[in-house]
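Have a look at the structure below, then the notes.
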Amino acid sequence: MAHVVNPDLVQDLKAFGARDIEACFNCGTCTAICPLSKDGVVFPRRIIRYVQTGMEHRLLCSLEPWLCYYCGECSETCPRNAQPGELMMAARRYLTAAYDWTGLGRRLYLDVRVELGAILGLAALVVALFVLLGGPMTTELTPEGGVQLNTFAPAHVIELLDWAVGGVLAVLLLSNVWRMHRWIVGGETGLKVPLGAYARGLSTLLIHFFTQKQWLGCTPGLTRITTTRWFKHFCIFAGYVTMFVLIVMFLRWFQTDAVHPVWHPQRWVGYMATGGLLYGVSNALIGRWRRREELHKHSHPSDWIFLVLLWLTTVTGILVHIFRIHGLPHATYITYVIHLAVLVPMLVIEVPFSKWAHLAYRPVAIYLQQVVQQARAAQAANPSPQPQPA
Amino acid sequence: MDDPRPSPSPVDVVVVGGGIAGLEAALDLADQDYAVLLVERESSIGGKMIALSKTFPTLDCSSCITTPKMSAAFHHPRIRILTSTELERVEARAGSRRVHLRRKPTYVDNGLCIGCRLCEYACPVEFPDPFEEGLGAQRAIAVPFSNALPQKAVLDARHCIACGACVKACPTDAIRFDQQEERFTVEAGAVILATGFGLNALGLKPEYHASQSLNIISPMQLERLLAPHGPYGRVLRPSDGKVPGSVAFVLCAGSRDLSLGVPYCSRICCMYSIKEAMLLSGALPVADLTVYYMDIRAFGKGHEQFYQNAKAMGINFVKGKVARIDPVDHDDLSLRVELEEEGGRVEERRHDLVVLAQGAIPVLEPATALGVPAAPDGFLNQPDTVRITCTDIEGVFAAGAALGPKDIVDSILEAGAAAMEAARFLAARAPASSAAGKSTASPPSVHA
Amino acid sequence: MSRSSAQPDSGPASPRIGVYVCQCGGNISDVVDTATVAKTAALIPGVALSKVHAFMCSEPGQAMIAEDIRNEHLNRVVVASCSPFLHELTFRTAVHRGGLNPYLYEHVNIREQVSWAHHGDPAGATVKAIRLVAAAVHRLRHVEPLEEIRLPNHRRALVIGGGIAGMKAAGDLAGKGLDVVLVEQSATLGGRVNELSTLFPAEESAAPLVRRLNDDLQAHPRVVVLTETVVKAVSGFMGNYDVMVGPAPAAAGAASGADPQEGRHLTVGTIIVATGYDYYRPAEGEYGFQRHPQVIPMPEFITLLARASGETLEWQGRPVRRLGFMHCVGSRQIEGVHPPQPDGRVNDYCSRVCCTTALHQALAAKRRFPRMAVFDFHQDIRTYGRGHEDYYLRASQAGIMFFRFHGDDPPVVEPGSNGTPIQVRLKDWLTWGEEVVAPLDLLVLAVGMTPRDNRGLVSLLKLPVGADRFLQEVHPKLRPVETAVNGILLAGTAQAPMAIDETLASASAAAAKAAVLLAHDEVHLEPFKARVDPEKCVGCGVCFAQCAYDGALVREEGQREGAPITRAKVNPGLCVGCGACVAVCPTRAIDLQGWTLNQFEAMVDGLLSAPQPVAATNSNPVSDGRTH
Amino acid sequence: MAALTEAHKAALKRFRELRKQKGGDPGKAAAQFRQERKAVESALKRGPATVPELARASGLPAHKVLWHLAGMRKYGTAQETAQDGDYPKYASTLSPAEAPAPAPAQP
């Protein structure tokens, strides 16, 4: 079936942040310079061409955008300044929105007013909940001189809310991942994936989720790991995941009124996680502000919003801790409310609908790539009707 | 005779640049009886063309078709040639053009030198020969190359150890160690700038790592390797003298690339690369020859047919711009490229020798030479769409690659056009009696 | 071969020949024993002196020859040195400086033909050098002083074709102060450029450009412009063309009552042919041409766009929302894929301007109608010229979509199936060769340039035509505006496809060559032309059949032994000195001046009778290991 | 040939001084050139060899050896003799005892 050219897709991707992609004259430099482009999965030009010719379905079935870590060499060396890296970024936003069956993702991405409105609405909701349902704001301090935060916001109540919100988000995110999977695996007509392939790939999924080592491919032969983008990103990731685990699984252990000594794991685990977050997020914000690196040259509103929310969450969390152990009750309660008023929108907006989702999609894409390759290999070994690789 | 300065009488036209465009313009004017002074920066006329092996699409031996032009200009009674002479600037005022020139010392009295090369044989020092693009060796005093015109020795002060061996060897006592740079000014009725083009650096694109391998060469180097009297007498790769088994041509390595600051097309690279590949297939019949290209621009008369012949000869044409080149073992090179017409795969391909099609860039700085800004591409501006060889200065014309990259035939056409415009310009200013082209200037007499 | 002894010696009573042997700084003397050559040459009858010099071409060497002519009363000179290509002229001048006729000189090449060719055999090389010198000496005994042929030159040019090339060439020549006649078959000047709107790369309008060229012509009283006029007959040669011009056939019919002038003779020295090009006319069905009304050639689109008004572009009452441009229509054709032209060949050349034209128009359309989707189907984008790549960049940036096809598998135009009247189906090699379909409302064929069919004029002027049917230049690299016919020049697209700036350059270059030809009142020709001895010519006419240069031999009525006879006579203006007539003349009545048969025979005698080498006292060191 | 006159010597001296002022001194490069050239010449004395072989024998990088061979071919002291696989072989045209004397080259 011949593809019928559709000139409109490029406009759609431009709405998601692609910039000068029409300028591309298909020389192939970007794909050949890309250190991550290999093993039959080649990009960015493939995605560029899908966009230029309007191959919408092919784009939806692509996992290449998730394998791109925006090393930036494609944009740096592009003879036409067509910003292929920025197109891949836009493609990730486009796919994030497309995977989201509620359609909210698309609205949030395409209209910054909608996104800000949603954030403010959720923040207001959080504040309202505290105003209506919050515990007494006692000024009485614990024997160690800490604030009695659990009187104002009892950990077991917060924990229940955590689980409720988390459950909804998990359902949304997993259903999006399922749609992603269906497109990627189903995009290849005639491909049958044996269950074993899914099982065998699970370790890949976990490894890539936790290490994000794919990003190291950007800088082959690197000198110092701490100077890599991977390291900065890993700081954010590790801090984030740690905090996530603490808050969802161990909130009662983490949110205590007791002021533990500094060597207590509750404190140093928290410090390390928030420190990592603060370093990573601040670095990303400064980078986007300075626009020196290719990856930071062009920021979509959604990039800023996510980082700002994350930074505010981190900072307010730290402040809550400081105020609490120094016995500043009102400051603690107000900051705590602000903390949640930032945290909740960040999670609700970003996890299933926006930037955050890449945390899931990237490792899943690597996983699915392996699954599909194994399926292809299995099919090649048992010659049934030959599928044509896309 | 040993005074290189022109006689005080003004000349009709000063032609700057002794390449093919300058030679053609000078001949067209001198044949109309104008007195012409041809100024050349290098120590021989002939420009880029004299260094080429063959020319596309006819595969004529380049020096065989250049030398007659050089010789015709050199022996023309109305053309005077000053080599080793650089243009400093052209000053146009009150209807006249004053051309300020600087003659670099060659340390040889051209009036006495008979080109016997005895000094060259006596000289104990050799350095990388610029005519051979650094691949061959040249002595510190030498006739620049075999068919140089004038056939006079030139001493290279940067490499000479001042041992005096040449002075002892010279049968005519022509060597002048006390020669100095000279500046002088010529009054000219009109000026034609045929200053040609330069090539941007091989190392311009860092991803190509040209500084890390001697086997990444320039097209001019390959021309010399292919030339019958080239540095090695045959095609060998410069790193170790191996007969290359696989040669790659990387097109658009210095042009059509905003990231390199050269957005325009250099216009000649497609054709010379095809030609060089063809010549290589003759010189190295078993070698694999691959041309990596974005668009093959075989636009001139006979060019498309030439390209199709090259394809029929088995030269591989691969659509895809080479993104990076890495030196690998055994002095080989690995090219990373998207094979666009083979499913869009990315492949690393190994070659013995890689030729980078450098971008053609301006050599003349219009702001310095004329006091006018350059066009956005850096070359001379062409303000008049009907008289395309006019510049921003009245009475100053330009031709050939000074107006942007151009092949030989297009340069020759523009040279003719510039000569015609200059002749019209002079005729319009001359008294009616000499309107038909009789020069008012005295014929020059000395060849330097 | 001993006939020469029976031939009367045409040389002077006592030839005094000087032989000069050059060492070329070792280039010759390293192999050839130059002293021996000189010493042996002195033994050849007629040789008055022989000398050796390190560099005969140097000023001292030349001065020596001139002095010897004066002091030793030499009347012939031989120089044995390098290729005559390099220095024959040098030594002819030196001989002339000494007071001799410059044609009383013979050049012997003992470098390229001897020392370089036989560097492994010094003794043999020396013998060969002696033999060549002996041949030259023998020949010189038979040479006569010759003079350059001078013919009157009519210092007026004829320019055929009133397009921008012809206008520019005529304007240039007139501006230089020369008389020019410009003939144009149509009623107006400007040619094809009149059909264009704005021009790349300066984005100026076509009309002012033509107007400026026209003003230039009007400004010069020396220009005579004859519109609705064609060339009817041509005769003569460089400097002396007689051209008859008359009303163009169509004009003659239309303006029947007007000027009944049937022909008008012009005498001109040179002719510039600026007859321009035609657009390629696609075959029926080629890219859907004439099958679908939505497929139109570029010129039609240019007019359509220039006249468009309103918010949308309309074609046949339908809005054009999707516009396509097809490159290489009638260019870069492949045998077996594309329909052949009437001569059985395909247009395998690139038409050079269509890529930029297509992008220029596509961009203009996109700017004028921003919501229109514009598609471009190409093989290669050839925006080679100054400023052209900009059009490509801007076209891309404006969102024009590019598709690349292979010439041997061209796109197919078919009825549309997606709500548009037509669609283009192709394998797109920017998308890995996948088949794509582009629905279109209008497809513009970027038609190439073809040579104008003016067989009549071509045969009148005897112009050579290339395999691509464009008029052929002498040398495609070095002499692009000259033809093999002396005095006839090419300007503009009659020679090859060109853009406007290139056409103007070509026209000026042709004008420059014309100005050279018209620079003097006389045309000077080398004297090496055939000459008929009227005493010997019997009027058999065999030579006429052999002469390839029309008009070089003419019939002349005369008397022979009282009876009328038609003899051959040479027109030196047209004779190229090829010698074909000499070879067939049964009575040896024709000879080539400067290269007569008895001179050749004398050379053979010289080769065979050369004296054995006489060893010179000093011997030359021989070095080997030198490279070639 | 001619001996150096006082005028020549004075001119040479001025030339050297002027160049010294400009900061150029090709002496070092010339000495290195002579040393390398000798190394190549002595490596060639063992008989015809390829560039990599000569590089090993002389201790010079292969590209330098090739460059010297180009100069020696130009000025007549080396020539290409045979081919060994992908590499041509070069031989000296000097007799073993002969000092390197430049022979005239051919244009």
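None of the values given here were measured: they were computed from a predicted structure. So you know, we letter chains A, B, ... as the sequences are listed, proteins then strands, and number each from 1.
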Residues which pass side-chain contact (heavy atoms from CB on, under 4.5 Å) with B:I268, listed by chain and number, not counting sequence neighbours: B:F197, B:Y272, B:D407
Between chain B and chain A, going by a 3.5 Å limit, which atoms form donor-acceptor pairs, if any?
residue	atom	partner	partner atom	Å
B:L258	N	A:P79	O	2.7
B:K321	N	A:C27	O	2.8
B:R336	NH1	A:A32	O	2.5
B:R336	NH1	A:C34	O	2.9
B:R336	NH2	A:S37	O	2.9
B:E338	OE1	A:T31	OG1	3.3
B:E338	OE1	A:R45	NE	3.0
B:E338	OE2	A:R45	NE	3.1
B:E338	OE2	A:R45	NH2	2.9
B:E340	OE2	A:G28	N	3.3
B:G343	O	A:R46	NH2	3.0

Step-by-step side chain to side chain donor-acceptor pair (under 3.5 Å) determination, B:S246 to B:D288: CA-CA 5 Å; B:S246 165; B:D288 281 330; 5.0 Å; no
Separation of B:L225 CG from B:I217 CD1 (nearest 0.5 Å): 5.0 Å
Spacing of A:L205 atom CG and A:I366 atom CD1 [to the nearest 0.5 Å]: 9.0 Å
Toward chain B, the part of A:C34 with a non-hydrogen atom under 4.5 Å: backbone
Chain B contact via A:C78 - which portion, at a heavy-atom distance below 4.5 Å: backbone
Donor-acceptor contact below 3.5 Å, side chain B:Q221 vs main chain B:E133: yes
Residues in ring pair (Phe, Tyr, Trp, His ring centres under 6.0 Å) contact with B:F249, at least two apart in sequence or another chain: none
Set of residues satisfying ring pair (Phe, Tyr, Trp, His ring centres under 6.0 Å) with respect to B:Y307, sequence neighbours excluded: B:F317
